[in-house]
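Working notes, beginning with the structure itself.
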Amino acid sequence: MKPATAAKKLGVYLEATPAEFQEGVVSRDELNALQAEPPEWLRELRRNGPHPRPVIAAKLGISISGLARGGITGALTTDQIDAVKTEEPDWLKRERETQAEVRKEEARVKAARTDG
């Protein structure tokens with residue numbers, strides 16, 4: 001598979017991976033090996049970043065669209081994410097409220113389907 005696909009499956013920011021990872025092709029077996037026993041570079045990226053937007057959104061408890069509305073369009077490190085959490089700007093509060101409403105609605109729809 002392409003390095004971008006492998007990076008996405010590993011939950012890491014492609015541009016922060018080693019050059020040999022970015023320039024190569026990753027087989028399914030190699031991907032499984034990376035997931036089962038991550039090398040130090042992969043553990044470091046997962047721990048400190050920079051993280052891709054899906055990971056940032058999950059750590060902040062909002063959607064990827066919410067990140068964009070909040071002005072975050074690139075990768076962030078763990079420290080930067082923690083700083084946003086600590087600062088808790090108005091946009092983050094709004095996006096968390098929106099996300100909570102979306103989850104409530106999804107639960108309601110799921111319950112209605114189950115009961116129906």
Side-chain angles (χ1 to χ4, degrees):
M1 70 188 69
K2 294 179 182 178
T5 303
K8 187 175 183 177
K9 289 181 181 286
L10 293 170
V12 295
Y13 186 58
L14 177 62
E15 287 76 10
T17 61
E20 60 270 12
F21 181 86
Q22 293 180 37
E23 296 163 2
V25 174
V26 181
S27 71
R28 176 70 56 194
D29 289 339
E30 290 170 327
L31 179 67
N32 290 340
L34 288 169
Q35 289 172 327
E37 293 184 38
E40 182 55 36
W41 66 264
L42 182 54
R43 287 194 303 271
E44 179 67 21
L45 275 179
R46 287 177 169 168
R47 186 172 37 249
N48 297 315
H51 302 287
R53 290 181 311 140
V55 173
I56 298 167
K59 287 179 179 272
L60 293 175
I62 62 174
S63 67
I64 295 172
S65 299
L67 281 180
R69 286 189 293 270
I72 296 177
T73 56
L76 295 179
T77 65
T78 300
D79 289 343
Q80 290 170 316
I81 294 168
D82 290 343
V84 172
K85 285 180 182 177
T86 300
E87 183 181 307
E88 199 171 19
D90 289 340
W91 68 266
L92 181 58
K93 291 176 190 172
R94 278 193 311 276
E95 291 302 331
R96 283 179 170 169
E97 289 168 4
T98 299
Q99 193 68 17
E101 290 299 319
V102 167
R103 287 188 184 121
K104 266 195 239 176
E105 180 62 13
E106 287 172 347
R108 185 195 66 77
V109 169
K110 185 177 179 181
R113 280 192 198 132
T114 305
D115 294 340

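Exactly one residue among Leu10, Leu42, Leu45 makes a side chain to side chain contact (heavy atoms under 4.5 Å, CB included) with Thr17. That residue is Leu45.
Within a 6.0 Å sphere centred on CD of Glu37, other residues, nucleotides and ligands contribute 12 heavy atoms or fewer. Lys85 NZ: more than 12 foreign heavy atoms inside a 6.0 Å radius. Counting non-hydrogen atoms of other residues, nucleotides and ligands closer than 6.0 Å to CZ of Arg46 gives a total above 12.
Val12 and Leu76 are assigned to two separate hydrophobic clusters, defined by single-linkage of ILVMFWY side chains at heavy-atom distances under 4.5 Å. Note on Trp41: it clusters hydrophobically with Val26, by side-chain heavy-atom contacts below 4.5 Å among ILVMFWY residues.
For the residue pair His51 and Thr77, the shortest heavy atom distance occurs at CD2-C, 3.9 Å. Of all the heavy atoms in Val55 and Gly11, the pair that sits closest is CG2-O, 3.6 Å. Closest of all the heavy-atom pairs between Gly66 and Ser63 is N-OG, 2.9 Å. When all heavy atoms of Gln35 and Lys9 are compared, the closest pair comes out as NE2-O, 3.9 Å. Nearest heavy-atom pair across Thr73 and Arg53 is O-CD, 3.4 Å. In terms of heavy atoms, Tyr13 sits closest to Pro52 at N-CD, 3.6 Å.
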*Chi angles and distances behind the side-chain contact (heavy atoms from CB on, under 4.5 Å) call for Glu105, Arg108*: CA-CA 5 Å; Glu105 180 62 13; Arg108 185 195 66 77; 2.6 Å; yes
*Could you go step by step and tell me if Glu106 and Arg103 meet the salt bridge (Lys or Arg N to Asp or Glu O under 4.0 Å) rule?*
CA-CA 5 Å; Glu106 287 172 347; Arg103 287 188 184 121; over 6 Å; no
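Rounding to the nearest 0.5 angstrom, the gap separating the NZ atom in Lys110 from the CZ atom in Arg113 is 9.5 Å. Put simply, CE on Met1 and NZ on Lys8 are 12.5 Å apart, with the number rounded to the nearest 0.5 Å. Once rounded to the nearest 0.5 Å, the distance linking CD1 of Ile81 with CG of Leu60 reads 6.0 Å. Rounding to the nearest 0.5 angstrom, the gap separating the CG atom in Asp79 from the CG atom in Asn48 is 7.0 Å. For the atom pair Glu44 CD and Arg47 CZ, the distance stands at 5.0 Å (nearest 0.5 Å). The line from CG of Leu34 to CG of Asp29 is 11.0 Å long, rounded to the nearest 0.5 Å.
Between the side chain of Gln22 and the main chain of Leu14, a donor-acceptor pair closer than 3.5 Å is present.
In this structure, Arg94 does not pair ionically with Glu97, as no charged nitrogen and carboxylate oxygen lie closer than 4.0 Å.
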